[in-house]
Amino acid sequence: MLRHELAAMLPKLNQSQAFEVFALWLAQLTDDKQDFQKAELISCTDLVGYQRSSAAAQLLRNALGPDASQQLQQLLLPLLGYQRNQQDFLFLRKQVLQPGPLLLRRAALEGVARGLAAWPLGPLRNCLLVLAVDMDPILAATAVDLIARLPWPRQGLKALAAKNLDPLVQQRLVRRRAAAPPSDLLLVVHGRSGGEVPSEFELL
């Protein structure tokens, strides 16, 4: 099935039908007989890859088994993170921290980023602190960015201040610390007629 055909078809499908297309797409990707179609199938990731359900998560876990090729893992690790299922955090963390091909580690970190709000905060922050001093500057810089997106970001960013970071990562850390809220107080003002914010709140 070609990409333009999927683009025209998917908006017309209900959730069950869309999952069936996802399952078929994933089966074709993992079928060695379909190598001649791999390039076209992979280009369809943005159309069919983002199905979120327990069934989709299980299909992805099965496809990411020990026999999965590096190319397939690169494609599917971010999609597994998108499922935001806590049981997958340990798998993604292992993939991103263990020595291995950089492209796979980066794909696993993308998966961590896709499900960031769903992971347990303590283990997640510890994982990112380790990655922030990684020898790969892309992994390290991404980890700093993700720490800045966590609750209470100054806590994690401050912990990196004394670390020996890559110069480019250090610059990223300085920018993220400067942009982080100076306190953990978040004030949300909404629903006022006329859309004006009272001067007292602006002063605060």
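The model shown is predicted, which means the values in this text are computed figures rather than measured ones. Residue numbers start at 1 and run along the sequence shown.
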> Is a salt bridge present between Arg176 and Asp145, judged by a nitrogen-to-oxygen distance below 4.0 Å?
yes
> Checking Arg52 side chain against Tyr82 main chain: does a donor-acceptor pair fall under 3.5 Å?
yes
> Is it the case that one hydrophobic cluster holds both Leu139 and Val130, taking links as side-chain heavy atoms less than 4.5 Å apart, direct or via other members?
yes
> I'd like to know if the side chain of Trp119 and the backbone of Gln86 have a donor-acceptor N/O pair within less than 3.5 Å.
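Side chain of Trp119 to backbone of Gln86, a donor-acceptor pair under 3.5 Å: no, none is there.
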> Compare every heavy atom of Phe19 with every heavy atom of Ala55, then report the nearest pair and how far apart it is.
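Minimum heavy-atom separation between Ala55 and Phe19: CB-CZ, 3.6 Å.
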> Membership question, hydrophobic clusters at under 4.5 Å side-chain separation (ILVMFWY): are Leu128 and Val174 in the same one?
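As far as the 4.5 Å side-chain criterion goes, Leu128 and Val174 are not connected within one cluster.
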> Can you give me the closest heavy-atom contact between Phe89 and Pro123, atom names plus distance?
CE2-CB, 3.8 Å
> Take Leu116 and Leu150 through the side chain to side chain contact (heavy atoms under 4.5 Å, CB included) test and state the conclusion after the steps.
CA-CA 8 Å; Leu116 197 66; Leu150 297 180; 4.1 Å; yes
> Arg125 side chain to Pro151 main-chain N or O, any donor-acceptor pair under 3.5 Å?
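Side chain of Arg125 to backbone of Pro151: a pair is present.
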> Quick one: are Leu131 and Arg105 in side-chain contact, heavy atoms under 4.5 Å?
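Leu131 vs Arg105: side chains touch.
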> Atom CG in Leu173, atom CD1 in Ile147: separation rounded to 0.5 Å?
8.5 Å
> Determine whether Leu77 and Arg114 make a side-chain contact, defined as any pair of heavy atoms from C-beta on separated by less than 4.5 Å.
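When only atoms from C-beta onward are counted, Arg114 and Leu77 do not touch, as no gap falls below 4.5 Å.
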> Is any side-chain heavy atom of Asp134 less than 4.5 Å from a side-chain heavy atom of Leu97?
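Asp134 vs Leu97: side chains apart.
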> I need the Gln155 CD to Leu129 CG distance, nearest 0.5 Å.
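If we round to the nearest 0.5 Å, Gln155:CD and Leu129:CG are 9.0 Å apart.
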> Quick one, Arg149 and Pro153 - any side-chain contact, counting heavy atoms below 4.5 Å?
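When only atoms from C-beta onward are counted, Pro153 and Arg149 do not touch, as no gap falls below 4.5 Å.
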> Hey, is the main chain of Gly81 close enough, under 3.5 Å, to the side chain of Glu110 for a donor-acceptor pair?
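Answer holds: no.
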> Would you mind reporting whether Leu146 and Leu109 have side-chain heavy atoms less than 4.5 Å apart?
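Heavy-atom side-chain distance check passes, below 4.5 Å.
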> Out of curiosity, Leu103 CG to Gln71 CD, how far, rounded to the nearest 0.5 Å?
11.0 Å
> So for atom CD, which belongs to Gln15, do other residues, nucleotides or ligands contribute more than 12 heavy atoms lying within a distance under 6.0 Å?
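Check fails, neighbour count at 12 or below.
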> Between Gln170 and Asp166, is any side-chain donor less than 3.5 angstrom from a side-chain acceptor?
no
> If hydrophobic clusters are built by linking Ile, Leu, Val, Met, Phe, Trp and Tyr wherever their side-chain heavy atoms come under 4.5 Å apart, do Leu168 and Leu102 end up in the same one?
no
> Between Gln83 and Ser53 (side chain of the first, backbone of the second, donor and acceptor by atom type, cut-off under 3.5 Å), is there such a pair?
yes
> Is a donor on one side and an acceptor on the other found under 3.5 Å between the side chain of Gln17 and the backbone of Asn14?
yes
> Could you grab the distance from atom CG of Leu157 to atom CZ of Arg175, nearest 0.5 Å is fine?
12.5 Å
> After noting the C-alpha distance and the side-chain angles of Asn164 and Val133, does the key distance pass the side chain to side chain contact (heavy atoms under 4.5 Å, CB included) rule?
CA-CA 7 Å; Asn164 184 22; Val133 296; over 6 Å; no
> Give me the atom names and distance for the closest heavy-atom approach of Ala132 to Ala140.
O-CB, 3.4 Å
> Roughly how far apart are Leu79 CG and Leu64 CG, rounded to 0.5 Å?
9.0 Å
> Could you walk me through whether Val96 and Cys127 pass the side chain to side chain contact (heavy atoms under 4.5 Å, CB included) test, one step at a time?
CA-CA 9 Å; Val96 77; Cys127 172; 4.0 Å; yes
> Considering all heavy atoms of both residues, which atom of Ala8 and which atom of Lys12 are nearest to each other, and what is their separation?
O-CE, 3.6 Å
> What is the minimum heavy-atom distance between Phe22 and Val48, and which atoms define it?
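Here Phe22 and Val48 meet closest at CD1-O, 3.2 Å.
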> Heavy atoms, side chains only, cut-off 4.5 Å: are Arg106 and Asp136 in contact?
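They are in side-chain contact.
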> Quick check for you: to the nearest 0.5 Å, what is the distance between Asp88 atom CG and Leu60 atom CG?
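The CG atom of Leu60 is 8.5 Å from CG of Asp88, to the nearest 0.5 Å.
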> Would you mind reporting whether Ile138 and Thr142 have side-chain heavy atoms less than 4.5 Å apart?
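Side chain of Thr142 against side chain of Ile138, heavy atoms only: contact under 4.5 Å found.
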> Restricting to non-hydrogen atoms, name the atom on Ala68 and the atom on Ala63 that form the minimum distance, rounded to 0.1 Å.
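Of all heavy-atom pairs spanning Ala68 and Ala63, the closest is CB-O, 3.3 Å.
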